[in-house]
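Working notes, structure below.
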Amino acid sequence: MKSFSLVYSNSCPNYKAAKQLLEELGLAFEEINQDNLHEGCCGKNLISPTLLADDDIIIFGGETTSGKRACSEALPDKEELKILINGLA
């Protein structure tokens with residue numbers, strides 16, 4: 001069984017919507033606040049929010065190429081996310 005992590009920044013307006021989406025799907029996940037990570041941690045290089053499976057498979061979100069924090073513009077809808085998660089099994 002895969003473990004899921006939601007990586008986010010407090011300043012990202014999409015964090016709460018992403019969290020709600022995952023909760024509506026009944027997905028168990030760990031929340032990782034980028035604001036609490038140490039400098040140089042790979043989690044600081046992720047767009048907020050990013051959903052990871054097993055700490056390395058990006059389901060949505062992604063890495064920022066600018067070296068600065070970024071916020072995602074769009075989240076998948078519930079059905080699309082369900083398909084992405086089920087495709088990992």
Considering all heavy atoms, the nearest [X]-[Y] contact:
{"X": "L75", "Y": "A18", "value": "CD1-N, 3.6 Å"}
{"X": "S5", "Y": "D55", "value": "OG-OD1, 3.6 Å"}
{"X": "C71", "Y": "I47", "value": "C-CG2, 3.7 Å"}
{"X": "L52", "Y": "I59", "value": "C-CD1, 4.5 Å"}
{"X": "V7", "Y": "G43", "value": "CG1-O, 3.9 Å"}

Original post:
Is the backbone N or O of Q34 less than 3.5 Å from a side-chain atom of K44, with the two atoms forming a donor-acceptor pair by type?
Top reply: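 Flag set: sc K44 to bb Q34 pair under 3.5 Å.
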Original post:
If only atom types and distance count, is the side chain of T50 paired as donor or acceptor with the main-chain N or O of G62 below 3.5 Å?
Top reply: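 Between the backbone of G62 and the side chain of T50 there is a qualifying donor-acceptor contact (under 3.5 Å).
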Distance from [X] atom [atom1] to [Y] atom [atom2], nearest 0.5 Å?
{"X": "S9", "Y": "N36", "atom1": "OG", "atom2": "CG", "answer": "10.0 Å"}
{"X": "S48", "Y": "L6", "atom1": "OG", "atom2": "CG", "answer": "7.5 Å"}
{"X": "K78", "Y": "Q20", "atom1": "NZ", "atom2": "CD", "answer": "8.5 Å"}
{"X": "S3", "Y": "I57", "atom1": "OG", "atom2": "CD1", "answer": "9.5 Å"}
{"X": "L81", "Y": "L51", "atom1": "CG", "atom2": "CG", "answer": "6.5 Å"}

**OP:** Following the transitive rule for hydrophobic clusters with a side-chain heavy-atom cut-off under 4.5 Å over Ile, Leu, Val, Met, Phe, Trp and Tyr, establish whether L27 and F60 coincide in one cluster.
**Re:** yes
**OP:** Begin from the C-alpha positions of F4 and L22 and carry the test side chain to side chain contact (heavy atoms under 4.5 Å, CB included) through to its verdict.
**Re:** CA-CA 10 Å; F4 296 95; L22 298 174; over 6 Å; no
Original post:
Residues in side chain to side chain contact (heavy atoms under 4.5 Å, CB included) with E31, at least two apart?
Top reply: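 Applying side chain to side chain contact (heavy atoms under 4.5 Å, CB included) to E31 gives Y8, Y15, K19, F29.
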